[in-house]
Amino acid sequence: MLVTGGAGYIGSHAAKALARAGHQVVVFDNLVAGHREAVKYGEFIKGDILDTAAVRSAMASHRVNAVMHFAAYLDVGESVREPAKYYRNNVVGALSVLEAMAAESVDTFVFSSTCATYGEPTETPITEAHPQRPINSYGESKLAIERALPYYERAYGMCAIALRYFNAAGADPEGELGEDHSPEIHVIPRAIDASGGGDGLQVFGDDYPTPDGTCLRDYIHVSDLADAHVRALEVLVDTRKPGAYNLGTGQPQSVRDVIGAVERVTGQKVPWTLAPRRAGDPAMLFASADKARAELGWTPRLPSIDAIVRTAWAWRQAHPGGYAG
Ligand SMILES: NC(=O)c1ccc[n+]([C@@H]2O[C@H](COP(=O)([O-])OP(=O)(O)OC[C@H]3O[C@@H](n4cnc5c(N)ncnc54)[C@H](O)[C@@H]3O)[C@@H](O)[C@H]2O)c1
């Protein structure tokens, strides 16, 4: 298995799940956002996915027969300010990986996609049949690859599954891996940091048409995501049936709910201030993951927000400075 972006948050958890399931893992990452210390399972190759020759060489030298592609940029706000950066890394980079696969006859691909490909939802929960109309270049960059996949499958005999994650959260329950983004853009680690006396949390808007006025999101534990990847790979190898699957719990939580969970788990207040709504933030995003349950046999094992926050909190306490500290 070649795991691009395997030194990052979700990829490192997936590498662990793959190794535990008996797969041989090779992590390929340029460490632009990842951490060498996060590669605890499998061999590490430092390289850039835009370097097709380097990706090919990693595949050939390790007799790779499948790829999980996590390497990408993922900050929605940044993608609005710097679309070129997102098209280059997320579109050109992914096409480079697919080109290397075609050249090396690697035919199995699991792709990190996102609920951002749906854009503003017209109905919730969101099923895989919901129209995909992204409202930022991040979502567009992922959708461009989803749309390319059927053509690559037909022409090069590949088979691919796209996994559309909702909000990845939490940390390895065994405490080996966790979230270490810089800057941190996700609400749970930010709320945890705020509870410890860091900068207060900003809540973007409290006048949405939701029960408490703050946005509703679907938080899915990172180890449950990792488990879904292993299942997707195994189903793909067995059935050769391409497809796309939502990965979420289907249980939406508001920003106020997240603050409440962090306060319960840490026993500390989360100071927060109200900030204006952010452009392009839908009021509610949550998944129907029925297809993944039915076809991948996947069920989230840590669906509760308190359980998710507990693992994130344990990681933060053990690693206050992230992997470096
Ligand atoms: N975190 C979420 O909530 C979320 C939600 C939906 C989808 N996703 C997708 O999941 C994937 C992983 O997200 P994450 O949260 O683990 O992000 P991350 O930033 O922690 O991990 C991405 C990894 O890819 C590496 N990388 C980036 N560009 C590279 C390049 N050109 N060559 C080699 N390596 C490169 C980075 O160094 C990093 O280790 C991304 O594709 C993201 O779009 C994440």
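Note that ligands are numbered from 1 as they come in the structure, with each ligand's atoms numbered from 1 the same way.
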Please could you name the atoms of ligand 1 that [X] approaches to less than 4.0 Å, counting only its heavy atoms?
X	value
L31	37 (O)
G34	36 (C), 37 (O), 38 (C), 39 (O)
G47	32 (N), 33 (C)
S112	9 (C), 10 (O), 11 (C), 41 (O)

To which protein heavy atom is [atom] closest, and what is the distance rounded to 0.1 Å?
atom	result
atom 43 (O) of ligand 1	Y138 OH, 2.6 Å
atom 27 (C) of ligand 1	V32 CG1, 3.5 Å
atom 40 (C) of ligand 1	F70 O, 3.1 Å
atom 21 (O) of ligand 1	G8 CA, 3.4 Å
atom 30 (C) of ligand 1	N30 ND2, 3.2 Å
atom 39 (O) of ligand 1	D29 OD2, 2.6 Å
atom 44 (C) of ligand 1	I10 CD1, 3.5 Å
atom 8 (N) of ligand 1	Y165 CD1, 3.4 Å

Should the pair [X]-[Y] be classified as a salt bridge under the 4.0 Å nitrogen-to-oxygen rule?
X	Y	answer
D206	R256	no
K85	D75	no
E174	K40	no
D29	R36	no

What part of H35, side chain from CB on, backbone N/CA/C/O, both or neither, has a heavy atom under 4.0 Å from ligand 1?
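Neither part.
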Side chain, backbone, both or neither: the part of L74 lying under 4.0 Å from ligand 1 by heavy atom
side chain
Is there a polar contact between ligand 1 and [X], counting only N or O atoms under 3.5 Å apart?
X	answer
Y9	yes
K142	yes
T114	no
L50	no

Between ligand 1 and [X], can you find any atom pair, the residue atom being a heavy atom, that is separated by under 4.0 Å?
X	result
H69	no
S113	yes
G93	no
H186	yes

Do H69 and T4 have side-chain atoms, one donor and one acceptor, less than 3.5 Å apart?
yes
Are the side chains of [X] and [Y] in touch, meaning some heavy atoms are under 4.5 Å apart?
X	Y	answer
W298	D224	yes
V255	F204	no
N246	Y118	yes
Y138	E78	no
R164	E128	yes

Centroid separation under 6.0 Å, is that true for the rings of H229 and F70?
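Yes, the ring centres sit under 6.0 Å apart.
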May I have the step-by-step check of salt bridge (charged side-chain N to carboxylate O under 4.0 Å, His left out) for E104 and R56, ending in yes or no?
CA-CA 7 Å; E104 297 298 330; R56 281 189 66 172; 2.7 Å; yes
So is K16 actually on top of Y41's ring, under 6.0 Å and inside 45° of the axis?
no
